[in-house]
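Order of the sequence lines sets the chain letters (A, B, ...), proteins ahead of strands, with each chain counted from 1.
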Amino acid sequence: MGLELAPVKVQSGFLLPSIHSWPAFFTYQPNPRTFSTQREHWTTLILTYARFARIWELKVGDVDDAASGGVWGEVLHNPRLKPPRTIGRKMLQILLEQLIEEERALPDPPKQSSSVILCWRTIPEWAGILHDWAVTTGQTNTILTLFEISNPQVPSDLSGMPEPLLRRAIALLQKTGKAQVIEGADGGGVRFFP
Amino acid sequence: MGNAQSGPKITAQDRAVLDLKLQRDKVRQYQKRIQVVLDAEKRVALEALAQGRKDRALIALRRRKYQEQLLGKTDQQLETLEQLVSSVEFSLVQKDVMFGLQQGNTVLKEIHKEMSLEQVEKLMEDTAEAVAYQREIDEMLMSTMTVDEEEAVQRELAQLQAEQLRMPEVPSTVPVVPVTVGKLPEVPTTEPQEPETAREEEEPEGRVALEA
């Protein structure tokens with residue numbers, strides 16, 4: 001049976017792994033060892049897809065419109081299966097908790113686990129990208145608003161980056177003395193050091 | 001708290017720049033919002049036309065026009081804000097340049113202090129003196145070294161010596177010895193003695209000069 005499974009290229013151009021075509025992948029596996037493998041496959045799939053499509057957020061509620069063309073439809077739902085399968089809410093909740101634990105997701109808003117910002121690059125990776133961007137665009141030693149970093153005039157890797165993630169990356173740079181946070185009356189600012 | 005210590009202190013200028021930039025961001029966000037409304041109004045107008053409701057389409061288009069005007073106004077405001085931001089940042093750069101110039105100036109002054117004009121003059125005088133002194137030595141040496149004179153002196157000495165050797169003819173006991181002795185000195189006196197004497201004379205001159 002396993003031989004029939006093959007990777008599927010979906011409309012957006014993303015190559016779904018073969019395991020996505022396996023009906024049991026969408027249902028909770030009671031065997032702890034099987035489940036741990038299943039969970040690992042799911043989290044990897046979620047992060048790679050998020051990176052591919054530059055999606056920053058994932059909510060348990062995304063399950064509801066997965067079958068009707070939601071942003072997460074291609075991953076959370078598989079219409080090619082008979083009957084079509086969608087990941088369960090409870091299952092997705094467990095996956096989000098796991099992602100938060102691995103620091104590959106930030107709860108947004110904080111202190112819950114049903115809505116997260118995905119770190120499809122780890123926070124230290126983002127910190128590196130952020131600092132490189134500031135240096136290569138010659139924006140060190142000047143004050144930048146968080147808004148202009150995530151909404152730059154010239155599109156960059158940081159375009160659309162959610163503020164909580166941006167702040168975490170900056171906090172990491174701050175620890176090594178490569179950034180300084182300035183809080184303004186209505187918004188945050190940051191200054192990078194070469 | 002501990003983190004705030006890293007980096008330079010946040011000055012009032014920094015805060016002003018930040019506030020200015022935040023203001024600019026707000027205008028940009030506002031523009032985005034208007035753009036969304038603009039697109040929506042256009043859709044509404046098209047839909048109304050499709051349904052054959054011309055009046056509704058007109059209202060939508062009028063609203064759209066109004067929003068467009070707003071967008072134009074905010075564009076101007078944005079431009080002013082951005083100009084202000086860049087002129088503030090440029091003045092900060094200028095300030096840095098001035099600071100750099102100042103530092104360079106003080107360093108240059110310090111270096112100049114170390115090489116005062118008097119010292120340079122003294123140094124130059126000293127070297128001039130040394131040069132003159134060297135020339136003096138050279139001249140003196142040259143004047144004493146007149147080779148012709150020296151040769152003449154040497155020749156005279158040789159002659160005198162030869163005459164002296166001819167004089168003692170009285171002791172006739174050993175006649176062979178005076179002959180050989182008389183012959184021998186003639187060979188060395190002519191050539192090898194010249195440089196030797198010249199060098200001997202050089203040294204005392206040098207010593208005297210140094211003492212002076």
Residue-level contacts of residues 69-104 of chain B with chain A, using a heavy-atom cutoff under 4.5 Å: B/Glu82, B/Glu89
Stepwise side-chain contact (heavy atoms from CB on, under 4.5 Å) test for B/Leu18 and A/Glu183: CA-CA 9 Å; B/Leu18 179 64; A/Glu183 287 304 337; over 6 Å; no
Answer yes or no: is there an ion pair linking B/Glu139 with B/Arg135, defined by an N-O contact shorter than 4.0 Å? no
Can you say whether B/Asp25 sits under 4.5 Å from chain A via the side chain, the backbone, both, or neither, judging by heavy atoms? both
Between B/Lys26, B/Arg15, B/Arg28, which has the largest tally of heavy atom pairs under 4.5 Å with chain A? B/Arg28
Ring-plane angle category for A/Phe52 and A/Phe14, please: parallel below 30°, perpendicular beyond 60°, tilted otherwise. tilted
Answer with yes or no after comparing the ring centroid distance for A/His20 and A/Phe26 against a 6.0 Å cut-off, counting only values under it. yes
Test of understanding: with ring pair (Phe, Tyr, Trp, His ring centres under 6.0 Å), list the residues that count as partners of A/Trp72, not counting sequence neighbours. A/Tyr49
Test item: B/Gln67 side-chain N/O and B/Gln35 main-chain N/O as donor-acceptor pair under 3.5 Å: no
Salt bridge between B/Glu125 and B/Lys122, side-chain N to carboxylate O under 4.0 Å? no
